[in-house]
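Structure record follows, encoded as structure tokens.
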Amino acid sequence: MPKDNSGIQKINGNFKGKDIVSLDQFSSKDIDIVLKVTKKMKTIAVNAKPSRILAGNIVTLIFYEPSSRTFGSFAAAVKQLGGQTIEIQDPQHFSSVSKGETLEDTMRVFEAYSDAIVIRHPVKGTAEAAANAAFFVPIVNAGDGIGEHPTQALLDLATIFEKHKRLNNLTGVMAGDLLNGRTIHSLIRALALYKGTTLYLLSPKELKLTREDYNNFTSRGIKLIEIENETQLPKNADFWYWTRVQKERFSSLEEYEKVKNKFIVTPELMKTYAGKNTILMHPLPRVGEILPEIDNDPRAMYLRSEVRNGMYVRMALLALILGKV
Ligand code: CP
């Protein structure tokens, strides 16, 4: 049966068949559902319980931009649940995209072979275009340029919830490339769904949120405090969310060099401003903005639960959109 393609739809408690393009589709109740199913998925994965939840399902992973975590965790998620994948990395070289095939035709082809398509693309808005192109199967946005990365935001919420047992009344720090950071754009949208959120935004002035995004987010009720240096960091925030300055988004290496690694997490910075319950997150990859000395600090989540939660959350989301839970 063709899916409803009258635009990107709100989830409204029902994930089945829906495209997942933006956090704007979610309410806090929808996030509750994802977190609840994620807990079940974690049990399956941690106990290596053979699952047939996605038995008979095939999911296409088509990544026009490089990825380690998102690609790997989606692939693992499908396999954990007994499904199969069609995996295309770099379709610009390894598919008929190299011969000029359009995005629309590519989506029509792979929806014929699979039950869902997970797409990453360097151009903002492409996941929505893909969702509009596919007639029958849901499309999941695995990152669209500087737009959004909704499944990353869901795993970040799962990581915060695991530690603090709540998603309201949180104080957080977001640092790095706020202008180009799609994980930032989705996570702010997600946190804006909860009361009492305050975020301190630390970035070089060239990499602040656009004024359009800033005004859009604050109009939702979230408190955003832009700061210019580490001395303005709050003490004992609930979380720090550090991000990479994204070389691939700059028009010249010179422009990138001017702003890279202005803010680095060091043991001294943690000691001065983080509290014993402050968790340190990063969507990864990192390129110098968190020193390796921090990795064994129990508050450092990025190479531990944050990465693992990526697989559990993606298992949950796939099971939900394919109507299996
Ligand atoms: N966090 C994230 O999106 O990582 P990858 O680019 O490796 O998928």
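For this chain, numbers begin at 1 and follow the sequence in order. Just so you know, these numbers come straight off a predicted model, no measurement behind them. For ligands, and for the atoms within them, numbers begin at 1 and follow the listed sequence.
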Taking 4.0 angstrom as the limit, do [X] and [Y] come out as a salt bridge?
X: Glu306; Y: Arg286; answer: no
X: Arg304; Y: Glu162; answer: no
X: Asp24; Y: Arg220; answer: yes

>> Just to be sure I understand the cut-off, which residues have at least one non-hydrogen atom under 4.0 angstrom from an atom of ligand 1?
In response: Ser67, Ser68, Arg69, Thr70, Arg120, His149, Gln152, Pro283, Leu284

> With sequence neighbours excluded, what pairs up with Phe63 under the ring pair (Phe, Tyr, Trp, His ring centres under 6.0 Å) test?
Replying inline: Phe71

>> More than 12 heavy atoms of other residues, nucleotides or ligands under 6.0 Å from OH of Tyr113: yes or no?
In response: no

>> Tell me whether the count of non-hydrogen atoms from other residues, nucleotides or ligands lying under 6.0 Å of CD in Glu228 goes above 12.
In response: no

